[in-house]
Amino acid sequence: MGTSSDGGRPWQSYTTAYTNAKAGMDGVDKDKVQRVVYEMSKGSKYFENEQRKEAFTKQKVEHLRAQVVKLSEKDILHFEMIANKRILELEASRDLSKIWLHTDMDAFYAAVETLENPSLRGKPMAVGGLSMISTANYEARKYGVRAAMPGFIACKLCPDLIFVPINFEKYMFYSELTRKVFRRYDPNFISTSLDEAYLNITEVCINQGMSSDEVATELRNAIFEETGLTCSAGVAPNQMLAKVCSDINKPNGQFILPNDRKAVMTFISSLPIRKIGGIGKVTEHVLRDALGIKTCEDMLQECALLRALFSSCSSDFFLSVGLGLGSTTTPKQKMRKSISNERTFRTTKDESFLLQQLGDIAEALSNDMDKECLSGRTLTLKLKTASFEVRTRAVSLQKFIHSKEDILQFASRMLKAELPLSLRLIGLRMSHFSDDKIGTLDPMQKTIVGFLSSDATGLSAMHIENKDRPNIGDKVEQQEVFDFNDRQSMQGMEVGLPSIDDHSGGRHDGRSFQCESLQSVCSDDADGFNMNSSCLDESKSSISVEPNRSMDPVGATSTSSHKAGLIWVDDYICSVCGIELPPSFIEERQEHSDYHLAEMLQEEESSCSSGQVARERYRFMHKETQAGESSSRKKKQKVKHIPIEAFFSKQV
DNA sequence: GGGCCAACTCGAG
DNA sequence: TTCCACTCGAGTTGGCCC
């Protein structure tokens, strides 16, 4: 982003959610749009935050590249064999018997506003405000104006742009009209938003003796007659492809992909991965720059790398994309999982103002919950600082709440624990709803939180007011001493293979563990949060060691190889747990061996009366290898399995 | 080993 | 002059506990 390598055109590398092409933007001078966006953004806090985020993505890319370099030819062949086997399995699951139709209303909000106010017709118009645009009509898109773009930037691109405020009631009314039409074709249609839906039109095609092309035309005509609005449609053998197809002939058009394997594979071969739902800016960047994957076909070409570097569920998703596979079933009715309310305001550190905002948000959230008869027990506070850094703090309660008073009580505690802080956004989210809607069940009856808590008011997992000593639940306070960005930047790399970079003991919770153990190690210090680093390192393993005991390193090493009994079956598979690691991943294999050694020592410890020898041996080995922290990750990877249908948002 | 938890990222519309 | 939203779902992690 704006480096010396950009040839004096730094805006070309500044990409946002709104600098990519969208329907109706084919003739737009992309370079000009990017330059304007860049010029209006550079130097701002927002811009700086975007730079930080991009730096983290680049770290991910570099990490993956390093892993690729380490793979030997033998490794590649090995993973290619596994990937090819998986491709055959996925291919066998291909279902070409269903016909799915995806509809997408054309510039929905803008079209509704124009329908109700015809004087807007033919003029560039956007729904939203100076801070953010929700959608823009096709006249505005010719200037590069589009959804998710700040209004003040849109004004620069199109000085004559007309702004219309959002009116959700109107959009919901028209959305319901479209749904009445959808029901005629598929009573169980899947609505993904006010203006999009998936319909299984298999039966309609068979029963009415119509082609999918004819059904799509008829449906679009019906929607126009009922609403006066146009929409686009895509037809394909599955939902993923139908969604891609509906974008091809936008606006007011349709595209039919036949239920034929050859047609699907031809269609998918040159399709950019960014067109696939679930692959966004970050994933595209990582796959392109680390593995050279640009099209869906590339996913199959690089199947060995995908299998080697990502978890099985991630690589399954990528391979499915390469094969043009997607969901062909209608899921059961989904229940709401959370409800939230947030608002942005002018950056301030005025405590009374922030608490006033919090009260308003709590009231709005409570009203929204009452409308849906919801009552929840997990309350999450979201904060956005002046530098656009987002923080969240959550509390799980002993009772289900929904009233403004209850919400505000717990939200205020969390907010006050963070102040003083300069903020630009506050949000509240409620989750873990009661089954009986607004109810009085005791949710903590079988949970450990209630066991830990002595707080009769309901605050259990947090101990905000207790600043005197560290506590397992003191996540809010411990956050203060932890640079979460550093940790988070590496988080996405920990897929498929254990990370060699992370010996820190984990994230915030890892630190909280360290702080807790310091209570015994550094008991002289009244304030558990001001430990120096050496003290933290010392406490890492949370073991107190008697100084006079000694350990024979040779003996310890031989125990490692002998008693853990770890061999690599077929050069790749751990004989103890079955996890797969290529021979060239020397450090990772060493970590893995250490993990099993630690396991073995733990067993030894439990059968030994004092356990001291085993602990010291472990401590010695741990220090020698600088490893052992990623062991639980390996365990998780081994057992984790997510069905392909459920995996529609990837993790990288 | 598995469920739960808190804090976080990513993506969508 | 104005200066980058809001809502929701789904995934990850390490730690805790039974």
Side-chain angles (χ1 to χ4, degrees), chain A residues 16-18 37 40-41 43-47 49-50 53 56-57 104 108-109 128-135 147-156 166 192-196 243 277-283 311 313-314 334 336-344 346-347 368 378 380 382 384 388 390-396 424-425 427 429 431-432 446-449 451-452 460-462 472-473 475-476 479 482 484-485 487-492 494-495 499 502 504-513 516 629-633 635-636 639-640 642 646-652:
Chain A
T16 69
Y18 43 84
V37 171
M40 296 201 71
S41 302
S44 67
K45 298 281 186 190
Y46 175 84
F47 186 82
N49 192 56
E50 288 298 299
K53 289 198 290 187
F56 295 148
T57 307
D104 191 350
F108 184 49
Y109 298 174
L130 279 173
S131 61
M132 190 55 68
I133 287 172
S134 286
T135 194
M149 176 180 275
F152 67 91
I153 292 178
C155 279
K156 188 80 175 177
I166 291 178
T192 51
S193 66
L194 285 180
D195 69 325
E196 282 189 39
K243 164 97 172 138
I279 296 183
K281 181 185 163 188
V282 174
T283 310
S311 67
C313 54
S314 298
K334 282 192 173 179
R336 180 193 271 280
K337 296 194 171 174
S338 69
I339 187 165
S340 65
N341 194 288
E342 65 184 52
R343 62 186 57 166
T344 298
R346 192 181 292 272
T347 303
D368 290 345
T378 298
T380 303
K382 176 180 171 182
K384 193 183 279 183
F388 286 84
V390 176
R391 296 182 192 180
T392 57
R393 301 289 180 263
V395 56
S396 288
R424 56 171 295 116
L425 173 143
R429 178 189 288 210
S431 53
H432 290 124
K446 291 180 181 176
T447 71
I448 191 64
V449 187
F451 174 76
L452 285 173
S460 55
M462 281 185 32
I472 299 171
K475 298 182 189 305
V476 170
Q479 187 74 24
F482 192 84
F484 68 85
N485 284 328
R487 183 67 188 83
Q488 283 302 319
S489 69
M490 304 301 290
Q491 193 182 336
E494 298 161 358
V495 179
S499 164
D502 182 10
S504 65
R507 316 165 20 130
H508 322 297
D509 294 344
R511 179 61 60 95
S512 75
F513 170 71
E516 187 197 15
E629 298 291 351
S630 57
S631 56
S632 63
R633 278 204 301 277
K635 283 165 76 177
K636 284 197 172 186
V639 299
K640 205 86 180 180
I642 297 167
F647 192 82
F648 219 72
S649 72
K650 78 281 111 250
Q651 56 289 118
V652 178

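The structure displayed is predicted, hence computed values, not measured ones. Throughout, a chain's letter reflects where its sequence line sits, starting with A, and its residues are numbered from 1.
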Whether [X] contacts [N] is assessed here as follows: a side-chain N or O lying under 4.0 Å from the phosphate OP1 or OP2. Is that the case?
X	N	answer
A/Arg346	C/dT2	no
A/Thr192	B/dA12	no
A/Lys384	C/dA5	yes
A/His432	B/dC5	yes

For A/Ile339 and A/Ser44, take the nucleotide of DNA chain C holding the closest heavy atom to each; which residue's nucleotide lies nearer the 5' end? A/Ser44
Of the nucleotides [options], which has the atom closest to the [X] side chain?
X	options	result
A/Arg343	C/dC6, B/dC8, B/dC10	C/dC6
A/Lys337	B/dC10, C/dA5, C/dG9	C/dG9
A/Arg393	B/dG13, B/dC8, C/dA5	B/dC8
A/Ser396	B/dC8, C/dC4, B/dA6	B/dA6
A/Ser340	B/dG11, C/dC4, C/dT7	C/dT7
A/Ser193	B/dG13, C/dC6, B/dG11	B/dG13
A/Ser131	C/dT2, C/dA5, B/dA6	C/dA5
A/Thr344	C/dA5, C/dC4, B/dC10	C/dA5
A/Leu425	C/dC4, C/dC6, B/dG13	C/dC6

Please state the P separation for the pair C/dC4 and B/dG13 - nearest whole angstrom. 25 Å
In whole Å, I'd like the distance from the [atom1] atom of [X] to the [atom2] atom of [N].
X	N	atom1	atom2	answer
A/Phe56	B/dC10	CZ	C1'	15 Å
A/Phe152	C/dA5	CZ	P	9 Å
A/Phe388	C/dC3	CZ	C1'	9 Å
A/Ile133	C/dC4	CD1	P	13 Å
A/Asn49	C/dC4	CG	C1'	11 Å
A/Glu342	C/dC8	CD	P	9 Å
A/Arg429	C/dC6	CZ	C1'	11 Å
A/Asn341	C/dC6	CG	C1'	9 Å

Identity of whatever pairs with C/dC18 - Watson-Crick or G-U, under 3.5 angstrom: B/dG1
Nearest nucleotide by nearest heavy atom, which residue falls closer to the 5' end of DNA chain B, A/Asp195 or A/Lys53? A/Lys53
Of A/Thr378 and A/Glu196, whose nearest nucleotide on DNA chain B comes first from the 5' end? A/Thr378
A/Lys384 vs A/Thr344 side-chain heavy atoms within contact, under 4.5 Å: no
When A/Val37, A/Ile133, A/Leu130 are each screened for side chain to side chain contact (heavy atoms under 4.5 Å, CB included) with A/Ile153, the one that passes is A/Val37
Have a look at A/Lys156 and say if it touches a base, only the backbone sugar-phosphate, or nothing, with a 4.0 Å heavy-atom cut-off. nothing
Gap separating the OG1 atom of A/Thr135 from the CZ atom of A/Phe108, nearest 0.5 angstrom: 10.5 Å
Looking only at heavy atoms, which two atoms of A/Arg336 and A/Ser338 are closest? And how far apart? NH1-O, 2.9 Å
